[in-house]
Amino acid sequence: MTTTAGWANPLLQPLERALPRHIGVVGAGAIGPDIAYYLKAALPQTSVTLIDIRQPAIDAALERLRGYRDKAVARGKMAAAAGERLLDGLTGSTDYDALAGCDWVLEAATENLALKRRIFADVEARVAGDAVITSNTSSLPAARIFSALRRPQRATVTHFFAPAWRNPAVEVIAWAGADAALVAWLRRVFCATGKLPLVTADVPCFMLDRVFDNWCNEAAHLLAHASAAEIDTVAGEIVHAGPFFVLNLAHGNPIIVETNTLQADEEGEHYRPAAIFRSVERWLTVAPNQRIEVAPPTHARIRDRLLGVLLSQSVDILDRDIGSAADLDIGCRVALGFKRGPVELLRELGDEQAQRMLARFAAERPGMPMPRRALAAYRDAQRHVLADRVGDVVVITLRRPEALNALHDEMTDEILAAIRQHEADAGVAGFVLVGYGTKAFCAGADIGRFPAVLGDAGAAAQYARDCSRLLVHLDRCGKPVVAALNGLALGGGFELAMRCHARVAERHAFMQLPEVTLGIVPGIGAMVVPYRRWPAAAATFHRMLVRAERLRAAEAHELGVVDELADGFDDLIVRSIARVHALAAAGITRIGDAPVELPPFEPHAGTAADGRPLSAQVVCTIEAGVREAAAQSTLGAALEAGYRAFGAVACTAAAREGIDAFVQRREPDFGKTG
Ligand code: HXC
C-alpha cells in the first residue's frame, strides 16, 4: 500500500497543474497522429498541433484521422455533432515555431537517440520553461534522451501502445531526473481521460517491451526447431495473436533488432537478437483464428520456451522493481494481447510446472534472468485492486478497466483480503470502495464466467452464494465501508454498493439492474436488500428489477438510496471519507431481518425500459423471488431465496440465450426461448 508519496489510484493525486490547453505532437508517422486523435477526443477544448518535417506526412495523417472520425460516427460510437467538432483545433505544421505556446509537447519520431535529442533541443528553445515534454520512445531510457535539456525535470517518457487512440495502456517512466509531481500529473491526466497509466523504471525497453521484444526474439530462436506457423499456433494458447503474426502486422523485425541489441549491449549477450530478423521481411504464418497440427514433442518444446521467457522476464521485472505485479499483469493483457497476465499464469501453472519450465529455460538459454525469491513471493501479489491509505481511511480501488471493473472471484477475494487486513487495525477508521477511472464503479459480475454455471441449478445457486462472500462480510463488518460511485454501478456492482454502509455518488453516476435483459436474475442481494433498506423506494426497485430501468444519482439521492451527491472525483473522495468518519462515530445501521410488505408489481409490458423484448419466464422468476424473499424472517433466509432464484433461472433457455448474446455481442432473441 502506498502513502502520499505516490497514490496507487492516480486520481487520488490532486490536480495541482491545469489540464493542457495546447499540445504539440512531433512526428506524423504511425503512432503520432493516433496519439493526437486520442488527445482531441479526450480533451475537446485542447488545441493539438501535429509537427512533421514532411507536409505529405501531415496531410496523410489528417486524412487518416478524418477517416477514424467518420467510421466512429457511421458505427454510432460518436454523435454526428460531436464528430463534426472533434477535429476542430487540430492543425499540422512543418515549422517548429508552431509549438510556441504549447504547454505539453509529445514526441513520436523515429527510435534514434541523436534525432530525439535534436528534436527536444528544438522544442525546448520554443516552449515556456514549465511546459511538459514527453517522448513516446519504446526503448531508449529517459535519462539518455533528456539529460541534455536545460530543464530535464519537466520531461519524461510516455510510451503508448498501438493503436494509441484506442489501446488504454501508457507507460509513464519515473526516471531520477523527473519531478515527482510531473509523473503524478501525467498519471492523473491519463487516468482521467480513459487511459491506463503504468509507472515503470528507467531501464532499456521499460516494462512491457522487455516482455514483448524477448517473447518475439525467443520465437525467432525457436525457428531452429519449428516453423513460424507452428510457433504462432502454440503461442495462440497464451496470446490473442502469435508473435510472427504481430511482427508482420507491425513491420516489427527491425524494431526487435534495435531493441534487443540495446538490451544485449547493456545487459548481456543472451538478449542478442536472432540473426534471422535481419534477413526476413515477412513471416509465413497463420492468422490468430487459425491453427495447424503441431506434433506433441514440438508443441511441448515451443510452449515451455515461450512460457520460460515470459516467466523469466516477469520475475526480472519484479525483482528489479521495473514495474509492479498488478501493472505487469494488466499491461500484458491490455497492451500486448496476452490472454492472462504472467502472474496469473504463474498461479495457474503451479510452482512445480513453473519451476520445471524455468529450469529447462535456464539450461537452454544460459544467462536469462531467473527468480531471486521463492515463486510464492511473485504469485501472491495483489492484482485487481489498488489500496491507498488516506489518513485513517483505506481507499480500495477496483481496477479492471478493460471490463469496466466487473467483479470476478479473484477481485472479490482481493477486496475482501484488503478489508480483513485492516479491519482489526485500530488506526483505520474504515474503507471507501471506488472504481478505477471515471466511467465505472463496477459493471457487475463478470459475465464471461457465467456460461460455466448454466444448466445446473445447484451449482448456479452455490455460485451466487460464493459470489456473495464479500457482501455477507460487509453485513457484519465492524468498520464502515462507503461506496464512492464514480460512474455506472450495474448488477452485482450495484449489489455491492447496496451492502456498503453508505453511498456517495458523483452526479453523472447511475445505477441499473440489467440482469433481466441477460435472461438471469440479480441473485446476490438486489431482490432482497433494497426492500429492507429503502422500503419507500420499493416501487422504483420493482421497475429496476423487471424492466432494467436506470436510476440516476440525483433520483437515488431523493429516494435515500444514495446518501450524498458529489461534483467530480476529488469531491467524491472527500465526501466519502467524511462519511466513513461520520459512520465510525455514529455506528453502522444493519440491514433488517423482519419480513417486509411489498407494493404489487405493475402489469408487465414484456419489454425493458429501453424497449428491448424480455423473457416472460425470467420476469416471473424475479417477481416470485422478490415476494419469497420479502416474506422471510431473517436476512440470511431472504438472501438464500435470491441464490435459489439465480439457480432456477440458470437452467432456462432464456439464460443461455441472454449470456450467449452478450458474449457474442448481439441482441438476445427471447422470442424463441420464452
Ligand atoms: C464482463 C464486461 C462487463 C461484465 C462490461 N464488460 N461489463 N465484461 N462482465 N459485467 C466488458 C465488455 O464486454 C467490453 O469488453 C468492455 O467491458 C467495455 O464494455 P463495452 O460494452 O464495450 O462498453 P460500452 O459500449 O460503453 O457499454 C457499457 C455497458 C455494457 C452498457 C455497461 O458493457 C454492458 O451492458 N455491460 C454488461 C453490464 C451487465 O449486464 N451487468 C450485470 C452483470 S450480471 P471488450 O473485451 O469487448 O472490450 C450480474 C449478476 C450478478 O452482475 C449475480 C451473480 C450470481
Side-chain angles (χ1 to χ4, degrees), residues 72 75-78 163 166-168 194 196 240 330 333-334 337 339 384 398-412 435-454 456-457 459-472 487-499 508-529 544-545 548 550 608-610 612 614 618 621-622 625 639-640 642-650 655 658-668:
R75 290 189 176 165
K77 295 266 175 198
M78 190 184 291
R166 195 178 61 198
N167 194 324
L196 173 66
H240 292 292
I330 198 169
R333 288 199 314 272
V334 167
K339 291 179 178 170
H384 306 293
L398 285 55
R399 187 177 72 159
R400 283 189 72 217
E402 76 277 31
L404 301 178
N405 306 323
L407 286 160
H408 56 24
D409 277 351
E410 301 88 305
M411 188 197 265
T412 300
Y436 188 84
T438 56
K439 183 171 176 183
F441 171 73
C442 172
D446 192 316
I447 298 169
R449 304 277 172 108
F450 290 172
V453 298
L454 295 180
D456 180 338
Q462 187 55 42
Y463 173 76
R465 214 171 276 121
D466 291 345
C467 283
S468 295
R469 58 199 180 280
L470 166 63
L471 312 188
V472 170
L488 54 85
L490 307 187
F494 184 28
E495 287 173 304
L496 169 60
M498 284 177 200
R499 301 291 262 281
H508 76 262
F510 69 90
M511 288 134 267
Q512 192 181 12
L513 296 166
E515 283 85 344
V516 69
T517 67
L518 294 168
I520 59 170
V521 308
I524 56 171
M527 296 195 294
V528 178
V529 174
M544 289 184 78
L545 282 162
R550 282 186 180 187
D610 64 4
R612 285 189 286 167
L614 297 173
V618 174
T621 309
I622 293 176
L639 291 170
E640 276 296 328
Y643 306 149
R644 280 196 304 275
F646 185 80
V649 91
I659 301 301
D660 281 352
F662 181 84
V663 174
Q664 295 160 11
R665 285 193 160 269
R666 62 172 173 82
E667 285 300 318

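Bear in mind the structure is a predicted one, so any value in this text is a computation, not a measurement. Note that these values count all heavy atoms, side chains included, but never hydrogens, waters or copies made by symmetry. First listed ligand is number 1; within each ligand, the first listed atom is number 1.
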Inset, instruction - Looking only at protein heavy atoms, identify the closest one to atom 28 (C) of ligand 1 and say how far it is in Å. - result: L404 CD1, 3.6 Å
Legend entry - Donor-acceptor contact present, side-chain H408 to main-chain G448, <3.5 Å: no
Inset, instruction - Using a cut-off of 6.0 Å, state whether more than 12 heavy atoms not belonging to R469 lie near its atom CZ. - result: yes
Inset, instruction - Please answer whether the main-chain N or O of Q512 pairs with a side-chain N or O of R550 as donor and acceptor at a distance below 3.5 Å. - result: no
Inset, instruction - With atom 52 (O) of ligand 1 as the reference point, say which of A440, C442, A445 has the nearest heavy atom. - result: A445
Inset, instruction - Verify the contact flag for atom 46 (O) of ligand 1, where contact means a protein heavy atom under 4.0 Å away. - result: no
Legend entry - E495 side-chain N/O to I524 backbone N/O, donor-acceptor pair under 3.5 Å: yes
Inset, instruction - Look at atom 20 (P) of ligand 1 and say which protein heavy atom is nearest, naming residue and atom and giving the distance to 0.1 Å. - result: R665 NH2, 3.8 Å
Inset, instruction - Give the numbers and elements of all ligand 1 atoms closer than 4.0 Å to a heavy atom of P514. - result: 39 (C), 40 (O), 41 (N)
Legend entry - Distance under 6.0 Å and angle within 45° of ring axis: R465 vs Y643: no
Legend entry - Option set I520, I659, I447, criterion heavy-atom distance to atom 9 (N) of ligand 1, minimum: I447
Inset, instruction - Could you tell me which residues satisfy salt bridge (Lys or Arg N to Asp or Glu O under 4.0 Å) with D466, sequence neighbours excluded, listed by chain and number? - result: none
Inset, instruction - Could you establish whether F662 and ligand 1 come within less than 4.0 Å of each other, counting only heavy atoms on the residue side? - result: yes
Legend entry - atom 36 (N) of ligand 1: any protein heavy atom closer than 4.0 Å: yes
Inset, instruction - Examine ligand 1 and decide if any of its atoms is less than 4.0 Å from a heavy atom belonging to Q512. - result: no
Legend entry - Per-atom contacts of ligand 1 with A406, taking only distances under 4.0 Å to non-hydrogen atoms: 4 (C), 9 (N), 10 (N)
Legend entry - Enclosure of R666 CZ (heavy-atom neighbours >12, cutoff 6.0 Å): yes
Legend entry - Atoms in ligand 1 with a heavy atom of G492 nearer than 4.0 Å: 49 (C), 52 (O)
Legend entry - Protein heavy atom at shortest distance from atom 31 (C) of ligand 1: L490 CD1, 4.8 Å
Inset, instruction - Without swapping roles, check the side chain of E515 against the backbone of I520 for a donor-acceptor pair under 3.5 Å. - result: no
Inset, instruction - May I ask you to list the atoms of ligand 1 that are less than 4.0 angstrom from any heavy atom of G444? - result: 52 (O)
Inset, instruction - Give a yes or no answer on whether the side chain of D446 reaches the backbone of L407 with a donor-acceptor pair at less than 3.5 Å. - result: no
Inset, instruction - State the atoms of ligand 1, each with its element, that fall below the 4.0 Å cut-off from a heavy-atom position in E402. - result: 15 (O), 16 (C), 17 (O)
Inset, instruction - Considering the heavy atoms of K439, write down every atom of ligand 1 situated less than 4.0 Å from one of them. - result: 23 (O), 24 (P), 26 (O)
Inset, instruction - Quick one: look up the protein heavy atom nearest atom 50 (C) of ligand 1 and list residue, atom name and how far away it is. - result: E515 OE2, 3.2 Å
Inset, instruction - With heavy atoms only and a cut-off of under 4.0 Å, state how L407 meets ligand 1: side chain, backbone, both or neither. - result: neither
Legend entry - Nearest non-hydrogen protein atom, atom 41 (N) of ligand 1: A443 O, 2.9 Å
Legend entry - Shortest protein contact, atom 11 (C) of ligand 1 (heavy atom only): A403 CA, 3.8 Å
Inset, instruction - Could you list which atoms of ligand 1 come closer than 4.0 Å to a heavy atom of A464? - result: 55 (C)
